[in-house]
Amino acid sequence: MKSFTQVEKWLLGSLAALSLLIAAHGPAAAADVSPDVLVKTTTQEVVAILKKDKDIQAGDTHKVYELVDAKVLPNFDFNHMTMLAVGKYWPRATPAQRQSLIQEFRTLLVRTYASSLTEFNNQTIEFKPFSMTPGATDVTVQTQVKQPGAQPIPIDYSMEKTSFGWKVYDVVIDGVSLVTNYRSSFGTEIRQSGIDGLIRTLASRNQQNTGHQPEKPGAGMDKKSHSTHK
């Protein structure tokens, strides 16, 4: 798997900020907005906020985390994201294990997004032409991030239509799917330590990462656990 660069981690942060602004518009308004317009308008607002917010620029991840924690959760389909990340092992999980996986994965992503928001620095975002068939419920919104002295980074947002509007369930950065990247490391952990072992590993990482810069997605998940396989 490709690794996520520092810039790409910021892009994950931009996704969190995107949903923060979606929440600000409210579910009813979001339901009436097409996915491409939603991505474009909210991303532009996020960039403006990042340029003005002195606390975020100073690295106040706690402030960003509080905002993301309050606003991001209702606007991501974390159930769908976790199910895709766990992959073929999902049907083996009990209802209680599924809830724990969703909670820990959600916490991991939210903290990653919140910390990454502080890394914004002079990137510009280009929005690709978008079209969708009438009645479509699953679409991809393509964007490209440009930065001085480097190749543009393509980002594809996978979005699904729900009764509460469009929600993001995956993001593909420079050809690397967030969900697929985690699926590889999650699968390794489950084979070594079982589903409960994966839950413990995620919980441990979330506790260790509190107040610290996050690891790259999937990093640190391939170390062999000493837990009993279940």
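Under a hydrophobic clustering in which Ile, Leu, Val, Met, Phe, Trp and Tyr are joined whenever their side-chain heavy atoms come within less than 4.5 Å, directly or via other members, Val145 and Val172 fall into different clusters.
Of the inter-residue distances, the one linking Ile199 atom CD1 with Gln99 atom CD reads 10.5 Å to the nearest 0.5 angstrom. For the atom pair NZ (Lys167) and CZ (Phe78), the distance works out to 9.5 Å, reported to the nearest 0.5 Å. Here Arg98 contributes atom CZ and Thr82 contributes atom OG1; the two are 11.5 Å apart, rounded to the nearest 0.5 Å. Once rounded to the nearest 0.5 Å, the distance linking CG of Asp196 with CG of Leu101 reads 8.5 Å.
The two residues Val168 and Met81 make their nearest non-hydrogen contact at O-SD, 4.1 Å. Closest non-hydrogen pair, Thr137 versus Trp166, comes out as O-CZ3, 3.6 Å. Smallest separation of non-hydrogen atoms from Thr143 and Ile125: CB-CG2, 4.2 Å. Summarising the geometry of Asp170 relative to Ser177, their closest heavy-atom pair is OD2-OG, 2.7 Å, with the distance given to 0.1 Å. Nearest heavy-atom pair across Asp174 and Ile153 is CB-CG2, 4.1 Å. Residues Pro35 and Met159 approach most closely at CB-SD, 3.9 Å, considering heavy atoms.
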Going through the checks in order, is the side chain to side chain contact (heavy atoms under 4.5 Å, CB included) test met by Val37 and Phe130? CA-CA 9 Å; Val37 171; Phe130 174 82; over 6 Å; no
Walk me through it: do Ser100 and Glu104 pass the test side chain to side chain donor-acceptor pair (under 3.5 Å)? CA-CA 6 Å; Ser100 294; Glu104 297 299 341; over 6 Å; no
After noting the C-alpha distance and the side-chain angles of Leu202 and Phe186, does the key distance pass the side chain to side chain contact (heavy atoms under 4.5 Å, CB included) rule? CA-CA 10 Å; Leu202 289 172; Phe186 283 9; 3.9 Å; yes
List the steps, then state whether side chain to side chain contact (heavy atoms under 4.5 Å, CB included) holds for Val86 with Ile190. CA-CA 9 Å; Val86 176; Ile190 291 173; 4.1 Å; yes
Would Ile173 and Leu178 count as a side chain to side chain contact (heavy atoms under 4.5 Å, CB included) if you check the C-alpha gap in whole Å, the side-chain angles of each, and the deciding distance to 0.1 Å? CA-CA 8 Å; Ile173 303 173; Leu178 173 70; over 6 Å; no
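Taking Asp156 as the reference, nothing meets the side-chain hydrogen bond (donor to acceptor under 3.5 Å, both in side chains) condition, with sequence neighbours excluded. Contacts of Glu126 classified as side-chain contact (heavy atoms from CB on, under 4.5 Å), with partners at least two apart in sequence or in another chain: Lys128, Gln144, Lys146.
Taking the six-membered ring for Trp and the full ring otherwise, the centers of Phe105 and Tyr182 sit less than 6.0 Å from each other.
A donor-acceptor pair shorter than 3.5 Å cannot be found between the side chains of Gln192 and Thr188.
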